[in-house]
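We use all heavy atoms of the structure for the numbers below, so side chains are in, but hydrogens, waters and symmetry mates are not.
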Amino acid sequence: MSKKILQTIFFVLGLAVFGYLVYQLGWEQLVDSIQLVGWYWVPIILLALAWQACHTLAWHEVLTFFGHKVSFSNLFKLKMIAEAINMIV
């Protein structure tokens with residue numbers, strides 16, 4: 001199976017899971033929660049992304065030290081996928 005087909009399958013699967021979660025929670029509850037947090041979600045998300053980027057950079061340096069060639073962007077994507085799976089499980 002090609003990489004593009006796998007990406008499409010997992011993207012659709014992710015959208016389906018997200019849609020199911022929104023359906024279970026209810027659109028109104030989701031909107032109310034977002035309104036309750038207000039614009040404070042922006043620094044929260046930015047801080048979380050900065051933390052993940054620093055953690056990824058540390059792993060990138062370790063892997064580079066041991067001679068492994070992995071791009072930062074691929075490592076960051078892998079880190080985000082692993083974090084998402086960890087939160088679901």
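Note that CH2 of W41 is 13.5 Å distant from CD of Q35, once rounded to the nearest 0.5 Å. One finds the NE2 atom of H60 at 8.5 Å from the NZ atom of K69 (value rounded to the nearest 0.5 Å). To the nearest 0.5 Å, the span separating CD1 on I9 from NZ on K4 amounts to 12.5 Å. Note that the OG atom of S71 and the CG atom of L63 stand 11.0 Å from one another [nearest 0.5 Å]. To the nearest 0.5 Å, atom CE of residue M80 and atom CD1 of residue I85 are 12.0 Å apart. The line from CG of L13 to CG of L6 is 11.5 Å long, rounded to the nearest 0.5 Å.
The environment of CZ in F72 is crowded: more than 12 heavy-atom neighbours from other residues, nucleotides or ligands sit within 6.0 Å.
Hydrophobic cluster membership for F18: V22, L25, W27, L30, V31, I34 (Ile, Leu, Val, Met, Phe, Trp, Tyr linked by side-chain heavy atoms under 4.5 Å, directly or transitively).
Hydrophobic clustering (side-chain heavy atoms under 4.5 Å, transitive across Ile, Leu, Val, Met, Phe, Trp, Tyr) keeps L15 apart from V12. Cluster annotation: L46 and Y40 are assigned to the same hydrophobic cluster (Ile/Leu/Val/Met/Phe/Trp/Tyr, side-chain heavy-atom contacts under 4.5 Å, transitive). In the hydrophobic cluster analysis, where Ile, Leu, Val, Met, Phe, Trp and Tyr join through side-chain heavy atoms closer than 4.5 angstrom, V37 is grouped together with I45.
Counting heavy atoms from C-beta outward, N74 and L78 have side chains that stay 4.5 Å or more apart. Within the 4.5 Å cutoff, the side chain of I81 has no heavy atoms near those of the F76 side chain. Looking at W39 and V42, their side chains come closer than 4.5 Å, going by heavy atoms from C-beta outward.
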